[in-house]
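See below for the structure under consideration.
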Amino acid sequence: MTYKYYNRAKKPTKRTARRTTVVGTVQANERGFAFIIPEDRQKYPNDFFVPRSSVCGAYHGDRVLAELTGKGDEARIIKILTRGLKRIIGTAEISRRGVLVRPDNLKHPEVRIPPALALNAKNGDKVVAQITAHKKGFITGKISEILGESGNLEAEELSLIRSYGLEEQFPPEVLKEADKVSRDFVSADGREDLRDKLIFTIDGIDTRDIDDGISLEYADGKYTLGVHIADVSRYVKFRSELDKNAYSRGTSVYFPDRVLPMLPKALSNGACSLNEGEDRYALSCFMTFDKNGKRLNYRLCESVIKSRRKLSYPVVTAILQGDKELAEQYSDVAQSLYLMEKLCVLLEAQRDKAGEVNLGLTEAKIYVDEDGNISIPVAERTVSERLIEQFMISANEAVAEFITAHRAPCLYRIHESPDPEKAVALTEFLKALGINADFDPDDIKPAQFRDILKNAEDKPYYGIVGKVMLRSMQKAKYSDKNAGHFGLASGCYCHFTSPIRRYPDLFVHRVIKDILHKANKANAIYGGVAAEAGEHCSERERTADEAERKVDDLYKLAYMSERLGESFDATVSGVTAFGIFCELDNTIEGLLPVEDLPPDSYVFYENRFLLKGARHSYKLGDAIRVTAAACDLNKIKTIFTVAED
């Protein structure tokens, strides 16, 4: 019998191509669509766009699994891994069905509150709503705190503080530990005893946490500058409850009416603060400079100091400008101040020679008196501020070099070169102004930016050139890798001088002390956490900066709400297709919508920062007269119109 064999293999079927998935965090948009910020930035350097129809119930801050659709950088969310939002800050809206909390941040969802969990909130109250459940199509929660009536300045400020997750109170265990360690008796304890040296402090009038003291001696044509910084690490031990909380905060946060300190007051205003006439532990950095301001050498030591004087910037400036009465009143320090001014000028010349980028931007200080009246004068950068700035920069550089030389872990303060794409936009803007910007966007030197600013110094557009230049530059941050500091034209830089209010400075102090004691433990103890600490402290700094700006804007809005109908001289500080932003001399900025400009057929030229019509045109740096027309509380922005005069 003959057998026939047949190939019965199945015909191949079409297989669905496997989709690529990515894990990331949702960044929502108020218009319904979103972006996904990938966790693996090396593999996915760019964000992914999620259309409104593909958000699939995810909210801002959620950690999600998304599938790439194959349409460019588009993705759709297929799974919510963890919810990001725990609470919503917003305004209560009362109805018969219960309470609806409408979020201040339009990226966040509304929250439905059952009447029994509403804390008797009234219509229009600013509240904090804790999220209790995610249901199909909506969120439920309970009100945990009533901040006050919507529109009230304090309630609005508190809502911003809560929205950024900033801590106002310290946990009991942290306060207890701070109270205990702050009682320690100060003794020489094997340190250099500098209590007989002429050391004093110079700070703002309202400063309470004093990190730094200074001293200066002059002999044989050489200056010996001492920068003496509060030894916070003597009190805040690594991984103690105090340290964990300070690390969590990362930095002190400063608002016009309050401070949220990194450390409890027992330390920040007490044991660590270099208060006049009180013995204090310090880390001292002595630097010797020649007659030209060039640093010859430096040394670091643990010390005990006693500040002789608590001086303020206005007092020091007045003395250096020739106020004989104040010079007599402070005769014990006046001669040192005169010497310090000379050294300051020499150091500034050295920094300028190196190529330091001094943007010369106008700053304003917001003051609130006891009656709640707000004033916003322009902050003048006087000789006393310049003096302290130069001395602190010098100490920070010396310390960074010291740690680097010992190959110990460090949190460097780095400022990388400008982004090439933004640098190209800067050159186009400068050329439109008639400024020759002859630099390679991929290899910019600080001195090239310095020269551009110098050439524009006496021009009406000087201030705006500094602002556009700032936008082209990257933001300074902390890193365990040294990448230099572009703005300061420094090859090696860290933060050492403010350990009461900045955690990176505290980190640096601990490493210095390990080196001084020859413990050789720094790499084992701090090396493994330096990279993570750099990222964390940079993130906390960004949060604090953004919160401070938002609250400042809130106070500026309150200030302008009392001046509606008044006209002001302003400068065009931003140009968009929907209008121009105008900045007053005291840095208050507002929007002049395109529909309120003189009628014309306007065209927006983005790269030239220009809004041009047939008869009218507006560009960055233009002078303009505006009238305060309205205050938009939702966007925290003043609305201007063109002044009739």
Side-chain angles (χ1 to χ4, degrees), residues 18-90 101 103-111 128-141 159-167 247-251 253 419 474-475 477-480 503 529 531-547 549-550:
R18 292 186 63 185
R19 294 286 191 188
T20 303
T21 57
V22 60
V23 175
T25 303
V26 175
Q27 187 176 71
N29 184 279
E30 57 193 65
R31 287 182 282 176
F33 60 83
F35 294 92
I36 291 175
I37 303 169
E39 288 183 357
D40 189 346
R41 276 301 195 186
Q42 287 190 334
K43 189 174 181 180
Y44 303 110
N46 298 322
D47 299 342
F48 292 98
F49 173 74
V50 183
R52 185 170 189 161
S53 59
S54 300
V55 171
C56 302
Y59 296 113
H60 185 77
D62 288 352
R63 185 170 178 264
V64 299
L65 178 68
E67 181 181 73
L68 305 189
T69 65
K71 301 175 185 176
D73 285 341
E74 186 180 299
R76 67 182 183 92
I77 294 169
I78 57 176
K79 188 176 182 180
I80 298 166
L81 302 176
T82 54
R83 293 289 186 181
L85 289 173
K86 306 298 182 188
R87 63 182 187 174
I88 300 290
I89 290 84
V101 176
D104 289 345
N105 188 336
L106 297 180
K107 295 177 181 178
H108 294 172
E110 298 174 342
V111 185
V128 179
Q130 299 290 337
I131 295 173
T132 57
H134 288 80
K135 300 189 177 180
K136 192 171 183 179
F138 64 94
I139 291 175
T140 61
S159 72
L160 285 171
I161 291 172
R162 297 288 186 278
S163 69
Y164 284 99
L166 301 175
E167 300 176 66
Y247 179 79
S248 173
R249 291 168 182 258
T251 180
V253 191
D419 176 81
Q474 300 198 52
K475 187 169 177 58
K477 61 184 179 181
Y478 298 103
S479 174
D480 63 323
Y503 193 87
V529 299
E532 182 182 335
E535 289 182 11
H536 170 77
C537 291
S538 296
E539 185 275 326
R540 295 312 301 160
E541 180 186 52
R542 286 192 296 271
T543 298
D545 286 347
E546 191 174 334
R549 279 197 302 271
K550 282 284 187 182

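- The shortest non-hydrogen separation linking G141 to V111 is N-CG1, 3.6 Å.
- Summarising the geometry, atom OH belonging to Y164 is positioned 8.0 Å from atom CG belonging to N105; distances are rounded to the nearest 0.5 Å.
- Not a single donor-acceptor pair under 3.5 Å links the side chain of R76 to the backbone N or O of T69.
- Within the 4.5 Å cutoff, side-chain heavy atoms of E74 are placed close to those of P51.
- Note that the CZ atom of R87 and the CZ atom of R162 stand 7.0 Å from one another [nearest 0.5 Å].
- L85 and H60 make their closest contact through CG-O, 3.3 Å (heavy atoms, listed as atom of the first residue, atom of the second, distance).
- Between D480 and E535, every side-chain heavy-atom pair lies at or beyond the 4.5 Å cut-off.
- Proximity of a side-chain donor or acceptor of D62 to a complementary backbone N or O of G84 within less than 3.5 Å is detected.
- Taken from CG in N29 to NZ in K107, the straight-line distance is 7.5 Å, to the nearest 0.5 Å.
- Aromatic ring centres of F48 and F35: separated by at least 6.0 Å.
- Side chain of S538 to main chain of Y478: a donor-acceptor pair is present (N/O by atom type, distance under 3.5 Å, no hydrogens or angles).
- Within the 3.5 Å criterion, the main-chain N or O of T132 finds no donor-acceptor partner in the side chain of T140.
- Contact record, A28 with A34: CA-CB, 4.0 Å, taken as the closest heavy-atom pair.
- Minimum interatomic distance between I89 and S159 (heavy atoms only, all atoms of both residues): CG2-CB, 3.5 Å.
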> Are K550 and D545 close enough, and set up right, to give a salt bridge (charged side-chain N to carboxylate O under 4.0 Å, His left out), and what steps lead you there?
Replying inline: CA-CA 9 Å; K550 282 284 187 182; D545 286 347; over 6 Å; no
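- Within the model, atoms NE2 of H134 and CD1 of I80 stand 7.5 Å from one another, a figure rounded to the nearest 0.5 Å.
- By the 4.5 Å heavy-atom criterion applied to side chains, C56 and I78 are not counted as neighbours.
- Under the 30°/60° scheme for interplanar angles, the aromatic rings of Y247 and H536 are found to lie parallel.
- In this structure, CD on E39 lies 10.5 Å from CZ on R41, to the nearest 0.5 angstrom.
- Residue K475 places its NZ atom among more than 12 non-hydrogen atoms of other residues, nucleotides or ligands, all under 6.0 Å distant.
- Two residues are said to be in side-chain contact when any heavy atoms from C-beta on lie closer than 4.5 Å; Q27 and T25 fail this criterion.
- Between E167 and S248, the shortest heavy-atom distance links the atoms OE2-OG, 3.4 Å.
- With rounding to the nearest 0.5 Å, the separation of CG in D73 from CD1 in I36 is 11.5 Å.
- Between V23 and L65, some side-chain heavy-atom pair lies under the 4.5 Å cut-off.
- A donor-acceptor pair under 3.5 Å is absent between the side-chain atoms of R83 and the main chain of I131, judged by distance alone.
- What you find for A129 and V101 is that their closest heavy atoms are CB-CG2, 4.1 Å.
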